[in-house]
Amino acid sequence: MPIRILSPKVASQIAAGEVIERPASVVKELLENAIDAKADSIHVEVRQGGRRLMSVADNGMGIPAAEVELAFARHATSKLQDVSDLEHITTLGFRGEALASIASVSQTTLVTRAAGEELGTRLRIEGAQAARNERCGHPQGTTVRVENLFYNVPARLKFLRRDATERKHIDALVTRYAMAYPGLRFVLENDGRLSFRSPGSGALLDVLIEVYGLEAAQQMIAVDSSLGARSATPRDASIAVTGYVSQPALHRGTREQITLFVNGRWVRDRGLTFAIEQAYHTLLPVNRHPLAVLSVTLPPQEVDVNVHPTKSEVKFRHRDAVFRAVQRNVREALLANADIPSAGPLAAGGTGWAERRAPLGGATQHEMPFPRQEAGYRTSLGADTQPWFPETPPDPGKLPPLRVLGQMAQCYIVAEGPEGMYLIDQHAAHERVLYERLLAQQATAQVAVQHLLEPLTVELTPAQSEELETWLEPLLKLGFEVEPFGGHTVLVRAIPTTLGRIDVRQTLAGILDDLSLEQTPLADEIDAQMAAAACKRGAVKAGQTLGEEEMRALVRQLEETTSPRTCPHGRPTMILLGQAWLEREFGRR
Ligand code: ADP
Ligand code: MG
């Protein structure tokens, strides 16, 4: 083909792809415009996951009638004139691309009335062609309705996920902005039903209660850099860090609940996420992550916001200073919080070593044959010598009978078998046991159910209750009798007996959180996926001290499973330190 210049229509659709990836991107741009317009009340309405309709209504300053059409031109903005303005941007938008992009891939209607104007203006645009422009009544502010997104870009339409998934992205986005701007009132309606609202009181905690539920919100600790944390340099002092982080007792399996804002803009930043996690150093179990909602505020010239078309990444001029400020303030907030056991666990080494020894009885009461420094015993397994590889237990089928010797790091059961020493991950092992039991019960439709004396009300977060809709059936099949009870509250009447004594609230919330991260399973995998999620939540945790009897029982049950060597998620339940390897390491051979 000869070289040709693309038609403006094609060029604009291609450019739109950078900004508008999915329905949530539209909502994001519209929210940012509303916030930039100084609205204090924002109403978002979504139908069919945004596919059918997304409408954002604000009570901001509106657009003067004479400028309405211009607002839809590419690179038309009222927020920036000169490239030098980029150095001190204080608005969320500045690229002048959003409305143009949205209009080129949807049917868009904008109605607005600017302060001081008597009549409003309505403009309807289809695939970037202005169709109608008329005067009409409208309260001060702007309403943008975006219908049939990607109706003219079938390639994009194909990539949209099912409605529930797109809706989840939108929910996450609106709640994020509500957390970033606690002074604004947000309302989110999904398919005609209220799914989230924030009170606009100005207190972030009020928003957190709506997002996480009262119980979790009460376990959050305030971070406020104006209260104390010493700053090393004047630059550090110009970086403010405020928000909330979870007490170490509250944690999640993913980093999804770490939310960061830089100068009022939600950003993804692995470095800062890491800084927060580092502040929890040793306070959280392995592979668990805190909840955090943190705002970093610093002089605008210290951040480059123009890194990415969706503006979700920023560059810091002095990265280390920001990293330090986040870490220091989170750490201090955690330390100032009384619920944390004294400085002990913060020092090197694991937690509660002394208590751990006691229940093991016998031999372990004596000096441990490990190097004296507790932290050292990990490296004694060869990290500093040569790499070593645990052997995969030989027979992929049944386990040989094992003799339990004790527990290590409140995490592993140490056992002896014919081939050598086994380290069994107590959580993974228990998951496997529960999983096979639940599946067996499901297969014979004989799920053992334990009715609660009184139905328990559980308050879910909007995201969790959203997820529940998808999983209600499989939950029921598994033995969780759960019924919606208005709003985001549900009634739990019964739980699967197999899971034993669980914290119903935590378990249910945890299951829904985990499932929300999964790909939509194939129909015949739904029950198994649900069972796996339930086992993950119901199983003994790492960090739990087990008595000798409990360990023996667990190992016996594991011996009886059909696939004792992996957990339902495919990770190993055990590693074997074989005789041969031990002998080699001890120089016996
Ligand atoms: P940007 O936000 O980057 O300036 P947009 O395409 O999102 O670009 O919007 C173009 C312009 O339209 C904005 O600069 C602003 O002047 C105006 N505008 C858009 N949405 C609103 C709104 N909700 N209220 C007031 N003005 C708006
Ligand atoms: Mg904008």
- prompt: Distance-only, no hydrogens or angles: does the Thr561 side chain make a donor-acceptor pair with backbone N or O of Gln557 under 3.5 Å?
  reply: no

Item to complete: Using modelled atom types only, decide if a donor and an acceptor are shared between the side chain of Gln544 and the backbone of Lys541 within a distance under 3.5 Å.
Response: yes

Could you tell me whether Glu559 atom CD has more than 12 heavy atoms of other residues or ligands within 6.0 Å of it?
-> yes

Could you check whether any side-chain N or O of Ser312 sits under 3.5 Å from a backbone N or O of Arg268, counting only pairs where one atom can act as donor and the other as acceptor? no

Donor-acceptor pair, distance only, cut-off 3.5 Å: does the side chain of Glu548 make one with the backbone of Gly406?
no

Interatomic distance, CD1@Ile276 vs CZ@Arg331, rounded to 0.5 Å, equals 14.0 Å

Gly49 and Ile170 have their tightest heavy-atom pair at O-CD1, 3.7 Å

Closest heavy-atom pair, Trp471 versus Gln529, reported as atoms and distance to 0.1 Å, is CH2-NE2, 3.7 Å

Closest non-hydrogen atoms of Arg51 and Pro23, given as atom of the first, atom of the second and distance, are N-CG, 4.5 Å

Inset, instruction - List the steps and the verdict of side chain to side chain contact (heavy atoms under 4.5 Å, CB included) for Val330 and Val245. - result: CA-CA 7 Å; Val330 173; Val245 294; 4.1 Å; yes

In short, Pro400 meets Arg565 closest at the heavy-atom pair CD-NH2, 4.3 Å

After noting the C-alpha distance and the side-chain angles of Tyr422 and Glu419, does the key distance pass the side chain to side chain donor-acceptor pair (under 3.5 Å) rule?
-> CA-CA 9 Å; Tyr422 285 82; Glu419 307 99 355; 2.5 Å; yes

(Q) For the backbone of Val458 and the side chain of His488, can you confirm whether one donor and one acceptor N or O come within less than 3.5 Å of each other? (A) no

d(Leu194 CG, Leu188 CG) to nearest 0.5 Å is 7.5 Å

Between the OH atom in Tyr244 and the CG atom in Leu205, the distance rounded to the nearest 0.5 Å is 4.5 Å

(Q) Using only atom types and a distance under 3.5 Å, with no angle test, would you say the side chain of Glu416 pairs donor to acceptor with the backbone of Arg403? (A) no

Which of Val492, Leu512, Ile502 passes side chain to side chain contact (heavy atoms under 4.5 Å, CB included) with Thr507? It is Ile502

Taken to the nearest 0.5 Å, the spacing of Leu558 CG from Ile424 CD1 works out to 6.0 Å

**Request:** Mark yes or no for whether Arg493, through its side chain, and Pro455, through its backbone, hold a donor-acceptor pair below 3.5 Å.
**Result:** no

Scanning both residues in full, the closest heavy-atom pair of Arg319 with Asp269 reads NH2-OD1, 2.9 Å

Check: Quick check: are there more than 12 heavy atoms from other residues, nucleotides or ligands sitting under 6.0 Å from CD of Gln278?
Finding: yes

task = Check for a donor-acceptor pair, side chain of Thr497 on one end and backbone N or O of Val449 on the other, with a separation under 3.5 Å.
result = yes

- Are Asn190 and Arg193 close enough that some pair of their side-chain heavy atoms sits under 4.5 Å apart? no

**Item:** Donor-acceptor contact below 3.5 Å, side chain Arg156 vs main chain Phe150
**Value:** no

Test side-chain hydrogen bond (donor to acceptor under 3.5 Å, both in side chains), reference Glu166, set Arg161, Arg22, Gln48, output is Arg22

Subject >> Main-chain N/O of Leu554 paired with Gln426 side-chain donor or acceptor, under 3.5 Å >> reply: no

On a heavy-atom basis, the closest approach of Gln410 and Thr545 is NE2-OG1, 3.0 Å

